[in-house]
Number of protein chains: 2
Amino acid sequence: MFSKTCEYAIRAMIYIAQQSKSGGKTGFKQIAHAIDAPEPFIAKILQQLGRENLVQSSKGPHGGFYINEQTMNRTLADVVKAIDGDKIFSGCGLGLTFCSEKNPCPIHNEFKSIRNQMQQMLQSATVSQFNDLLDRRLVHLGRN
Amino acid sequence: MFSKTCEYAIRAMIYIAQQSKSGGKTGFKQIAHAIDAPEPFIAKILQQLGRENLVQSSKGPHGGFYINEQTMNRTLADVVKAIDGDKIFSGCGLGLTFCSEKNPCPIHNEFKSIRNQMQQMLQSATVSQFNDLLDRRLVHLGRN
DNA sequence: AAAATAAAAGACTTTTTTATCTTTTATATA
DNA sequence: TATATAAAAGATAAAAAAGTCTTTTATTTT
């Protein structure tokens with residue numbers, strides 16, 4: 001569905017959001033550990049997310065990654081678009097470049113509603129909406 | 001969504017089904033051309049599909065690939081399972097191996113209905129149901 | 001200002017996926 | 001039975017994705 005990179009990115013965003021709620025910052029090692037992902041790979045992904053302004057960061061002692069007020073309201077769709085692009089929202093299920101409303105592939109119509117629902121779901125899910133569930137350990141991001 | 005291999009496989013199946021309707025057989029070169037895919041790669045994929053009994057084939061002169069009566073009713077879900085496995089139907093959207101009903105990832109519930117719909121869609125689409133639309137050139141598999 | 005801390009950037013390696021090429025096996029037909 | 005045809009199998013190559021390592025830059029604290 002999503003690339004591995006994108007899966008890590010979503011998990012990292014959700015974790016950072018939770019940690020940032022009360023103004024905290026988190027290092028990439030801690031993030032990697034929390035979501036059970038390879039440290040240097042997460043470091044790279046956080047750089048990408050930073051360039052897209054999906055995470056904030058500060059260098060030096062007591063530095064780290066965090067998510068500010070506005071960014072809390074960014075959606076999973078934003079994260080997916082930043083990492084995997086929008087092919088999952090608009091691309092053809094059979095990988096045909098020409099496929100469109102006017103020149104459809106066989107499964108074009110069958111796929112349309114699923115793609116739309118996926119988009120709606122991702123667009124309505126903010127990165128911070130899981131904070132509570134995480135706090136209460138009702139959902140999980142790592143191995144636990 | 002699907003691997004490239006799987007996309008080619010679905011397109012190939014749909015094409016072969018149409019060609020087989022009236023008892024015809026098709027060589028892998030013709031198939032590759034029709035669905036606009038690399039010849040030797042399609043040859044490999046057809047071998048896989050053959051092993052899973054999703055296509056029939058005969059060697060020698062006037063040989064080729066075809067799809068028999070029963071196989072006409074096989075679904076796109078069968079093809080996807082044969083090539084990509086069932087992670088798209090049952091896997092976690094965030095790639096978490098532990099994720100389940102009891103130990104859910106944050107987006108577990110959000111994803112469930114989409115996955116189910118995808119499965120239903122693929123399970124109810126037979127490889128032969130597009131024959132007519134293809135004949136009437138209302139849908140397309142290649143560049144056209 | 002110096003030392004320590006932490007992210008950013010860039011180069012590099014490994015693994016997986018995608019694609020290709022060559023040889024073998026099976027079948028039909030002349 | 002010999003020849004031609006076409007798929008099966010196996011080995012190899014190229015490209016993309018995933019993952020790692022090293023150096024640089026920025027910031028804080030002493």
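Letters A, B, ... are given to chains in the order of the sequence lines, protein chains preceding strands, and every chain is numbered from 1. Keep in mind that the numbers below use all heavy atoms, side chains included, and drop hydrogens, waters and symmetry copies.
- Side-chain proximity of B:Q47 to D:dA8, C:dA8, C:dT18: nearest is D:dA8.
- Contact between the side-chain N/O atoms of A:T5 and the OP1/OP2 oxygens of D:dA18 is found at a separation under 4.0 Å.
- For A:N116 and A:S113, the side-chain atoms include no donor-acceptor pair closer than 3.5 Å.
- Side-chain N/O atoms of A:R51 include none lying less than 4.0 angstrom from OP1 or OP2 on C:dA8.
- Between A:Q48 atom CD and C:dA7 atom C1' there is a gap of 15 Å when expressed in whole angstrom units.
- Side-chain nitrogen and oxygen atoms of A:Y8 include at least one within less than 4.0 Å of the OP1 or OP2 phosphate oxygen of D:dG19.
- In summary, the aromatic rings of A:Y8 and A:F41 are positioned with their centroids under 6.0 Å apart.
- For the pair B:Q56 CD and D:dA7 C1', the interatomic distance rounds to 14 Å; values are reported in whole Å.
- Between the side chains of A:S3 and A:D84, at least one donor-acceptor pair of N or O atoms lies under 3.5 Å.
- Along DNA chain D, the nucleotide nearest B:G60 and the nucleotide nearest A:I42 are compared for position; the residue whose nucleotide lies closer to the 5' end is B:G60.
- Residue B:F41 places its side chain closer to C:dA19 than to any other of C:dA8, D:dG19, C:dA19.
- What separates CG of A:D84 from P of D:dA16 is a distance of 16 Å, to the nearest Å.
- Side-chain contact annotation: A:N103 with A:S100, donor-acceptor N/O pair under 3.5 Å absent.
- The side chain of A:H62 contributes no N or O atom lying less than 4.0 Å from OP1 or OP2 of C:dA6.
- At C:dA8, one or more side-chain N or O atoms of A:S57 fall inside 4.0 Å of OP1 or OP2 (strictly under the cut-off).
- Distance A:E7 CD to D:dG19 C1': 15 Å, rounded to the nearest Å.
- Checking A:H108 against A:E101 by side-chain atom types alone, a donor-acceptor pair falls below 3.5 Å.
- When each of C:dA4, D:dC21, D:dA7 is scored by its nearest atom to the side-chain atoms of A:P61, the top-ranked nucleotide is C:dA4.
- Interface remark: the A:K59 side chain does form a donor-acceptor pair with the D:dT25 base, using a distance-only criterion of under 3.5 Å.
- For A:K4, counting side-chain heavy atoms from C-beta on, the closest listed nucleotide (D:dA18, C:dA19, D:dA7) is D:dA18.
- Across the protein-nucleic acid pair, B:N53 atom CG and D:dA8 atom P stand 12 Å apart, rounded to whole Å.
- In this structure, the CG atom of A:D36 is 15 Å from the C1' atom of D:dG19, given to the nearest Å.
- Regarding B:E39, its CD atom lies at a distance of 11 Å from the C1' atom of C:dT20, rounded to whole Å.
- Between A:K21 and A:S128, the side chains place no donor N or O within less than 3.5 Å of an acceptor N or O (distance only, hydrogens not considered).
- Between the NZ atom of B:K29 and the P atom of D:dT5 there is a distance of 11 Å, rounded to whole Å.
- Using a 4.0 Å heavy-atom criterion, one finds that A:G64 contacts the sugar-phosphate atoms exclusively.
- In this structure, the nucleotide among C:dA19, D:dA4, D:dT20 sitting nearest to the side chain of A:P38 is D:dT20.
- Of the candidates D:dT5, D:dT20, D:dT29, the closest approach to any side-chain atom of A:K44 belongs to D:dT20.
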